[in-house]
Amino acid sequence: GRILEDLDSLAVLICYSHTWNKELKRSPLSIVTALVDKIDMRKNIIYPDCDIKFTGHVTWVGKTSIEAKMHMSQYHDGAYTDVLDATFVMVARDPENKRAAFINPLKLESPEEDAIFQQGEINKTRRVELSTASLLKVAPTAEERTLIHNLFLNTLDTRTVSFRSRILPPNSVWMEDAKMKGLEICHPQERNIFNRIFGGFLMRKAYELGWANACAFAGCRPTLVAVDDIVFRKPVEIGSLLLLSSQVCYTEGMHIQVRVHTEVLDPLTRQHSTTNVFHFTFRVEKDIPAIVPQSYGGQNTAFYKYCYIIF
């Protein structure tokens with residue numbers, strides 16, 4: 001969790017170095033985290049008493065957004081070995097009016113840099129395609145409908161043939177029984193330079209809850225395999241009540257997919273606002289039960305289809 005905080009801080013620092021103005025001796029822009037594109041673990045063991053090194057650089061620049069790729073390595077047995085790769089997307093804001101601000105372009109000086117930039121363009125296209133394919137915007141595909149219907153048929157009680165009567169298959173757990181929730185009061189010591197709650201802190205708390213849920217579900221300590229698609233939808237103000245809800249949404253073999261949803265509760269208006277949705281993939285050293293949705297209709301059905309899209 002603390003490593004997620006450090007990665008967020010480094011991504012901001014990298015982007016500020018790109019927008020540095022020599023005459024002003026600072027960056028004229030405000031840089032905020034838009035999303036975490038991907039974090040891939042190359043090594044599952046992180047030693048608590050060995051030095052860690054972070055490196056990173058800007059890989060792609062659009063009109064108002066920057067992609068930064070970072071690597072983490074750890075010194076062990078006389079050498080540094082790669083631990084993880086992370087890709088963050090940051091956006092620039094005008095500090096005067098908080099609107100989107102243009103960023104100086106990236107100058108490419110070698111074929112290698114050109115290839116890295118083209119990969120950034122591919123990443124951008126993929127993100128746009130995924131956003132337009134959201135179930136909140138388009139209907140599920142025929143393949144997704146077939147998958148969900150097969151899940152329903154596998155849990156159907158043939159004696160009653162009813163939507164309300166379901167049977168849990170062997171070595172399975174109802175999705176409803178694989179939840180874990182938490183609450184954080186957002187204190188000012190967790191603020192960033194914009195007097196909002198630091199995004200790295202939100203990632204750490206979401207990861208810790210997701211890890212705890214995976215641990216309780218599997219009955220053993222899980223290790224992180226990947227972090228996918230963290231979108232910062234809304235800033236979190238100081239003093240907010242942050243509600244975190246984790247759900248095991250998919251299992252396969254020794255792998256567990258956990259979705260963590262965070263929202264802010266306004267105690268005065270009692271309104272809930274989604275701030276982030278996190279997806280963590282964990283691995284354990286034993287086979288685990290399959291996760292099975294119990295509800296077939298309405299919003300729950302859409303959610304289960306969404307879990308399928310992730311994989």
Side-chain angles (χ1 to χ4, degrees), residues 1 4-5 8 12 30-36 64-65 88-91 93-100 127 130-140 175-213 227-249 257-280 293-295 297-307 309-310:
L4 289 175
E5 288 191 77
D8 194 23
V12 172
S30 296
I31 304 295
V32 295
T33 307
L35 63 92
V36 178
T64 60
S65 58
F88 280 56
V89 177
M90 323 299 286
V91 293
R93 294 285 184 264
D94 188 322
E96 297 294 331
N97 54 30
K98 307 301 181 183
R99 295 179 181 177
R127 289 192 292 267
L130 287 175
S131 65
T132 56
S134 169
L135 287 171
L136 299 176
K137 299 179 180 179
V138 297
M175 184 178 282
E176 189 68 21
D177 298 328
K179 291 183 177 180
M180 188 173 290
K181 297 184 178 182
L183 166 68
E184 289 289 334
I185 300 176
C186 299
H187 295 288
Q189 61 263 33
E190 306 299 343
R191 70 184 185 274
N192 57 21
I193 61 175
F194 308 110
N195 282 321
R196 304 282 178 76
I197 298 301
F198 176 45
F201 172 78
L202 302 177
M203 288 194 288
R204 176 163 69 91
K205 289 302 178 180
Y207 167 76
E208 290 173 352
L209 181 64
W211 182 93
N213 195 8
V227 181
D228 188 31
D229 249 14
I230 301 176
V231 180
F232 291 84
R233 305 177 186 274
K234 185 179 179 180
V236 179
E237 303 291 341
I238 296 171
S240 298
L241 299 180
L242 184 68
L243 305 178
L244 301 97
S245 177
S246 68
Q247 171 75 71
V248 177
C249 56
Q257 177 82 11
V258 180
R259 176 183 186 268
V260 180
H261 176 266
T262 62
E263 60 182 0
V264 169
L265 168 63
D266 188 331
L268 301 180
T269 62
R270 296 185 178 275
Q271 290 185 340
H272 293 250
S273 301
T274 297
T275 59
N276 301 88
V277 179
F278 303 83
H279 304 285
F280 303 103
Q294 192 170 12
S295 172
Q299 295 179 351
N300 287 335
T301 302
F303 171 70
Y304 304 140
K305 293 171 184 173
Y306 177 66
C307 294
I309 288 175
I310 298 171

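We use all heavy atoms of the structure for the numbers below, so side chains are in, but hydrogens, waters and symmetry mates are not. Quick note: residue numbers are just sequence positions, from 1.
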Working to the nearest 0.5 angstrom, can you tell me the gap between [X] [atom1] and [Y] [atom2]?
X: T275; Y: R233; atom1: OG1; atom2: CZ; result: 9.5 Å
X: L265; Y: H272; atom1: CG; atom2: NE2; result: 4.5 Å
X: M203; Y: E208; atom1: CE; atom2: CD; result: 12.5 Å
X: F201; Y: D8; atom1: CZ; atom2: CG; result: 13.0 Å
X: S245; Y: L183; atom1: OG; atom2: CG; result: 12.5 Å

Minimum-distance pair of heavy atoms, taken over all atoms of [X] and [Y]:
X: E5; Y: G200; value: CG-O, 3.1 Å
X: V260; Y: G210; value: CG2-CA, 3.9 Å
X: M175; Y: C249; value: CE-O, 3.6 Å
X: L209; Y: G182; value: CD2-N, 4.1 Å
X: A100; Y: T64; value: CB-CG2, 4.0 Å

(request) Evaluate the ring pair (Phe, Tyr, Trp, His ring centres under 6.0 Å) criterion for residues Y207 and F278: first the C-alpha distance (whole Å), next the side-chain angles of each, then the deciding distance (0.1 Å), finally the verdict. (result) CA-CA 8 Å; Y207 167 76; F278 303 83; over 10 Å; no
(message) In the structure I gave you, are the side-chain heavy atoms of T274 and K234 within less than 4.5 Å of one another anywhere?
(response)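 T274 does not reach K234 side chain to side chain.
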(message) Are the side chains of I31 and R93 in contact, using a 4.5 Å heavy-atom criterion?
(response)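 No. Closest side-chain heavy atoms not under 4.5 Å.
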(request) Could you tell me whether I185 atom CD1 has more than 12 heavy atoms of other residues or ligands within 6.0 Å of it? (result)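 Atom CD1 in I185 is not crowded, with 12 or fewer foreign heavy atoms closer than 6.0 Å.
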Whether the side chain of [X] engages the backbone of [Y] through a donor-acceptor N/O pair (distance < 3.5 Å, no angle test) should be reported.
X: N276; Y: T262; value: no
X: Q247; Y: A178; value: yes
X: S246; Y: M180; value: yes
X: N192; Y: F198; value: no

(request) Run the numbers on H279 and V277 for side chain to side chain contact (heavy atoms under 4.5 Å, CB included), then give the verdict. (result) CA-CA 7 Å; H279 304 285; V277 179; 3.7 Å; yes
Sequence neighbours excluded and cut-off under 3.5 Å, please list the side-chain donor-acceptor pairs for residues 235-244, or say none.
unit_1	atom_1	unit_2	atom_2	d
E237	OE1	R196	NE	3.2
E237	OE2	R196	NE	2.9
S240	OG	E237	N	3.4
S240	OG	E237	O	2.7

(request) Hey, could you give me each pair passing side-chain hydrogen bond (donor to acceptor under 3.5 Å, both in side chains) that has a residue in residues 179-191? Not counting sequence neighbours. (result)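 Applying side-chain hydrogen bond (donor to acceptor under 3.5 Å, both in side chains) to every pair that reaches into residues 179-191, excluding sequence neighbours, yields E176-K179, R191-N195.
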